[in-house]
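Reading through the structure tokens given below for one structure.
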Amino acid sequence: MPDPLKTIALRIDGKAFAVTLRARIGAAAADFAHAVARRPGLAVVLVGDDAASQVYVGAKARACEEAGIASFEHRLPAATSGAELLTLVERLNRDPEVDGILVQLPLPEGLDEQAVIAAIDPDKDVDGFHVINAGRLAVGQQGFVPCTPLGCLMLLQDHHGDLSGLEAVVIGRSNIVGKPMAQLLTDANATVTLAHSRTKNLAEVVRRADIVVAAVGRPEMVRGDWIKPGATVIDVGINRLPPTDDKPKGRLVGDVAYAEAAEVAGAITPVPGGVGPMTIAVLLRNTLVAAHRHAGLEPPEGL
Ligand code: NDP
């Protein structure tokens with residue numbers, strides 16, 4: 001007998017949200033181009049031939065063009081030296097057509113990622129990875145916030161409105177997702193716990209949460225019985241399972257056991273189609289904001 005009290009969570013459609021956001025960015029980019037006689041510009045630097053990075057860079061360039069943002073692609077061989085890469089970054093820092101600079105990570109072995117990120121002008125660091133931008137976020141100054149956590153915050157605010165007083169548990173403390181996510185939720189007046197691999201009784205900790213953000217990189221680690229009934233679950237994880245006969249490329253799953261969690265949660269993001277599409281949309285948003293700041297214009301409201 002099916003349980004008549006059992007509900008299925010609302011599916012938070014990040015793909016649809018990202019489409020709407022990208023359309024709004026496109027309209028604002030057109031207004032910008034009209035006002036200053038140039039399009040906002042994003043420079044994307046790819047070093048080496050990592051297959052996944054090629055796909056990401058291609059997707060970013062296409063998304064830029066669709067939104068009316070100029071995309072300047074720089075594809076360099078894997079043998080590029082650190083000095084050559086830094087010279088390119090410095091040239092892009094000075095280029096008035098370039099509002100945002102993104103160096104696709106990971107870099108090939110032998111190149112110092114931290115040194116390259118440190119060389120990017122913080123006001124063009126639309127990935128929000130520069131320590132200056134991490135510091136600005138920490139002390140509440142205007143800067144750039146990493147795209148994935150900002151996208152998660154947008155989905156949460158769209159679903160909940162005000163997050164004040166809600167208990168949030170972020171699982172994962174990386175510099176690009178977990179830590180900035182915890183900071184953004186704190187700034188939005190949630191009460192935040194930042195959990196990680198040393199957290200004791202993780203299931204108990206997660207069970208307190210009105211909002212769970214999972215950014216771990218472990219397939220389906222967060223189980224349905226960890227979720228407080230009615231909680232909102234944001235699944236950042238992207239994990240590919242080993243190939244099977246019916247899925248020769250392997251199924252993509254998140255860090256949350258979706259089917260189980262959806263029986264308990266109030267709302268949940270799917271994988272794929274949840275957080276993933278938000279990351280590129282927010283990259284475009286950050287580039288548009290950078291362009292406005294460089295031109296001395298107020299960035300459009302609500303983006
Ligand atoms: P990292 O590997 O940098 O960080 C993983 C974090 O998870 C660490 O803080 C680690 O803790 C914690 N962790 C690992 N195992 C456990 C465990 N058993 N219990 C609790 N915490 C644990 O990953 P990222 O933050 O870069 O990415 C996380 C996931 O999000 C990945 O699946 C990645 O593919 C995905 N991702 C998706 C994006 C998107 O666009 N949707 C963008 C970026 C990432 P500790 O610090 O103690 O080691």
Side-chain angles (χ1 to χ4, degrees), residues 12-19 21-22 44 50-53 55-60 63 102-107 113-114 117 126-129 134 137 144-156 168-185 192-209 212-223 225-227 233-242 250-258 261 268-286:
I12 298 180
D13 190 344
K15 200 171 167 187
F17 189 99
V19 166
L21 179 59
R22 281 165 63 164
V44 180
D50 179 76
S53 294
V55 172
Y56 294 143
V57 163
K60 286 167 187 174
L102 179 154
V103 178
Q104 185 66 43
L105 303 179
L107 290 173
E113 287 185 358
Q114 288 314 315
I117 292 169
V126 284
D127 254 343
F129 292 169
L137 176 62
F144 289 106
V145 177
C147 302
T148 301
L150 185 52
C152 294
L153 183 77
M154 286 179 180
L155 293 179
L156 283 166
V169 172
V170 178
I171 319 173
R173 56 176 163 181
S174 71
N175 290 334
I176 61 168
V177 189
K179 277 185 206 157
M181 187 75 248
Q183 191 71 59
L184 287 170
L185 286 164
V192 182
T193 302
L194 182 52
H196 45 76
S197 67
R198 308 293 178 89
T199 299
K200 290 195 178 127
N201 304 323
L202 182 59
E204 299 273 295
V205 171
V206 172
R207 232 171 261 134
R208 297 202 299 256
V212 181
V213 181
V216 185
R218 289 182 176 253
E220 302 181 320
M221 184 188 83
V222 177
R223 308 310 306 186
D225 64 359
W226 296 21
I227 305 295
V233 180
I234 304 289
D235 190 353
V236 181
I238 303 177
N239 309 289
R240 196 171 283 283
L241 295 181
R251 198 161 59 90
L252 270 192
V253 297
D255 291 340
V256 179
Y258 183 88
I268 183 167
T269 57
V271 176
V275 173
M278 291 300 292
T279 300
I280 287 189
V282 176
L283 173 68
L284 303 179
R285 178 257 175 216
N286 282 356

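Indexing begins at 1, ligand by ligand and atom by atom, following the structure's order. Positions are given from 1, in the same order as the sequence printed here.
Not a single heavy atom of Met278 sits less than 4.0 Å from an atom of ligand 1. Assignment of Asn239 to the shell around ligand 1 is supported, since a heavy atom sits closer than 4.0 Å. At least one heavy atom of Gly276 sits closer than 4.0 Å to an atom of ligand 1. Ligand 1 lies out of reach of Ala195, whose nearest heavy atom is not under 4.0 Å from it.
Although no hydrogens or angles enter the test, the distance criterion places no donor-acceptor pair under 3.5 Å between the side chain of Arg218 and the main chain of Ala215. The closest donor-acceptor contact from the side chain of Asp50 to the backbone of Ser53 lies under 3.5 Å.
Annotation for ligand 1: atoms under 4.0 Å from non-hydrogen atoms of Arg218 are 14 (C), 15 (N), 16 (C), 18 (N). Of all atoms in ligand 1, listed by their number and element, those nearer than 4.0 Å to a heavy atom of Thr279 are 39 (C), 40 (O). Interface atoms of ligand 1 facing Leu202, defined by a heavy-atom separation under 4.0 Å, are 19 (N), 20 (C). In the vicinity of Val275, heavy-atom distances shorter than 4.0 Å reach the ligand 1 atoms 41 (N). Listed by number with element, the atoms of ligand 1 under 4.0 Å from a non-hydrogen atom of Met221 are 17 (C), 18 (N), 19 (N).
Here the CD1 atom belonging to Ile171 is positioned 10.5 Å from the OG1 atom belonging to Thr193, to the nearest 0.5 angstrom. Interatomic distance, CG of Leu283 versus CG of Leu150, reported as 11.0 Å (0.5 Å rounding). In this structure, CG on Leu202 lies 4.5 Å from CH2 on Trp226, to the nearest 0.5 angstrom. Here the NZ-OG1 distance, from Lys15 to Thr269, works out to 14.5 Å after rounding to the nearest 0.5 Å. For the atom pair CG of Leu107 and CD of Glu113, the computed distance is 4.5 Å after rounding to the nearest 0.5 Å. With values rounded to the nearest 0.5 angstrom, Gln104 atom CD is found 3.5 Å from Lys60 atom NZ.
Under 4.0 angstrom from ligand 1, the non-hydrogen atoms of Thr148 all belong to its side chain. Proximity of Val216 to ligand 1, defined as any heavy-atom pair under 4.0 Å, is shared by backbone and side chain alike.
Protein heavy atom in closest approach to atom 29 (C) of ligand 1: Gly217 N, 3.7 Å. Closest to atom 26 (O) of ligand 1, if we only count protein heavy atoms, is Ile176 CD1, 3.8 Å. From the protein, the heavy atom lying nearest to atom 44 (C) of ligand 1 is Val177 CG2, 4.0 Å. Shortest contact from atom 37 (C) of ligand 1 to any protein heavy atom: Val236 O, 3.2 Å.
In terms of N/O distances under 3.5 Å, ligand 1 is not approached by Asp255. For ligand 1, one of its N or O atoms has an N or O atom of Ile238 under 3.5 Å away.
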*Could you go step by step and tell me if Leu105 and Phe129 meet the side chain to side chain contact (heavy atoms under 4.5 Å, CB included) rule?*
CA-CA 11 Å; Leu105 303 179; Phe129 292 169; 4.1 Å; yes

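For atom 25 (O) of ligand 1, the candidate residues are Ser174, Gly274, Cys147, Gly172; the nearest heavy-atom contact is made by Ser174. The option from Ala215, Gly151, Ser197 that lies nearest to atom 28 (C) of ligand 1, judged by heavy atoms, is Ala215. Between Arg173, His196, Met181, it is Arg173 that holds the heavy atom closest to atom 46 (O) of ligand 1.
When all heavy atoms are compared, the tightest approach of Gly151 to Met278 is O-CE, 3.7 Å.
Side-chain contact between Ile234 and Met181 is absent, with no heavy-atom pair separated by less than 4.5 Å.
Among Val271, Asn239, Val236, the single residue meeting the side chain to side chain contact (heavy atoms under 4.5 Å, CB included) criterion with Asp255 is Asn239.
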